[in-house]
Amino acid sequence: KAGVTQTPRYLIKTRGQQVTLSCSPISGHRSVSWYQQTPGQGLQFLFEYFSETQRNKGNFPGRFSGRQFSNSRSEMNVSTLELGDSALYLCASSLSEPAYEQYFGPGTRLTVT
Amino acid sequence: AQSVTQLGSHVSVSEGALVLLRCNYSSSVPPYLFWYVQYPNQGLQLLLKYTSAATLVKGINGFEAEFKKSETSFHLTKPSAHMSDAAEYFCAVTLSGGYQKVTFGIGTKLQVIP
């Protein structure tokens, strides 16, 4: 069974631009969560989607948004990029609830210059 | 609300020595607790999880953790460190009984000295 895939793996953007990251969960998994990972901050929860509905949301500004498609694939979008948005963005999928076990993708490394 | 605190952002052990990574949690209801490991340039991988069954949980690669409610702790141990254990380890908590988000600690980088 294929694991969680994230595209692109690396991205360099300029301040003020917007970016879209993609995540394909493990086949059959309906829950997708997104995290921002930065040194010293650990993983910060962004949001979680289940069956195309946002079920939970972290404490990030409205510039961060996401969506989930009917095939469970998910995208997250960051508008008006700031230098502080430079981070590793991780996607994790689970069968139904993140509480039971999450499978992580390798992440997208976003650098904002 | 729930939270976890990982004591020590960096831990160094000699090869063959005991590995002890500390995690304390805060939760208003019975928690589910996890340890994940992250190798360089990879995502996180589940090592073990506690979901209110046995308090001593065994995971992959020889790791185990013990849930101690009185101490609100869930420390990760391994009797003998291998070079391949060098990685970053994350403790995480979520609330049982519903669709809850998972809260991660800031991570502990384990260095294994030959």
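Naming convention: chains lettered A, B, ... in sequence-line order (proteins, then strands); numbering from 1 in each chain.
Residues A/Tyr103 and B/Leu44 have side chains not in contact (no heavy-atom distance under 4.5 Å, counting atoms from C-beta outward).
The environment of CZ in A/Arg63 is crowded: more than 12 heavy-atom neighbours from other residues, nucleotides or ligands sit within 6.0 Å. Crowding of A/Asn59 atom CG: a count of heavy atoms from other residues, nucleotides or ligands under 6.0 Å not exceeding 12. Atom NZ of B/Lys109 is surrounded by 12 or fewer heavy atoms from other residues, nucleotides or ligands within 6.0 Å. Around atom NZ of A/Lys57, more than 12 heavy atoms belonging to other residues, nucleotides or ligands sit under 6.0 Å away.
Only the side chain of A/Arg9 comes within contact range of chain B, judged by heavy atoms closer than 4.5 Å. Neither the backbone nor the side chain of B/Gln6 comes within contact range of chain A; no heavy atom of the residue lies under 4.5 Å from a heavy atom of that chain. Contact of A/Gln44 with chain B is not made at all, since no heavy-atom distance falls under 4.5 Å.
Of the possible polar contacts, one joining the B/Tyr36 side chain to the A/Gln102 backbone as a donor-acceptor pair under 3.5 Å is found.
Nearest heavy-atom pair across A/Leu88 and B/Gln38 is CD2-NE2, 4.0 Å. The minimum heavy-atom distance between B/Phe90 and A/Leu43, with the atom names listed, is CE2-CD1, 3.6 Å.
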### Query
So B/Lys49 and A/Glu101, salt bridge (charged side-chain N to carboxylate O under 4.0 Å, His left out) or not? Walk me through it.
CA-CA 8 Å; B/Lys49 61 184 176 185; A/Glu101 183 167 350; 3.7 Å; yes
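Under a hydrophobic-cluster definition in which Ile, Leu, Val, Met, Phe, Trp and Tyr are linked whenever side-chain heavy atoms come within less than 4.5 Å, directly or via other members, A/Leu81 and A/Trp34 are assigned to the same cluster. Under the 4.5 Å side-chain heavy-atom criterion for Ile, Leu, Val, Met, Phe, Trp and Tyr, B/Ile60 and B/Tyr39 are members of the same hydrophobic cluster. Cluster annotation: A/Val112 is connected to A/Leu21 through the hydrophobic network of ILVMFWY side chains, with a link wherever side-chain heavy atoms come within less than 4.5 Å.
For A/Phe45 and B/Phe104, the gap between ring centers reaches or exceeds 6.0 Å.
Considering CD of B/Gln42 and CG of A/Leu90, their distance stands at 11.5 Å, rounded to 0.5 Å.
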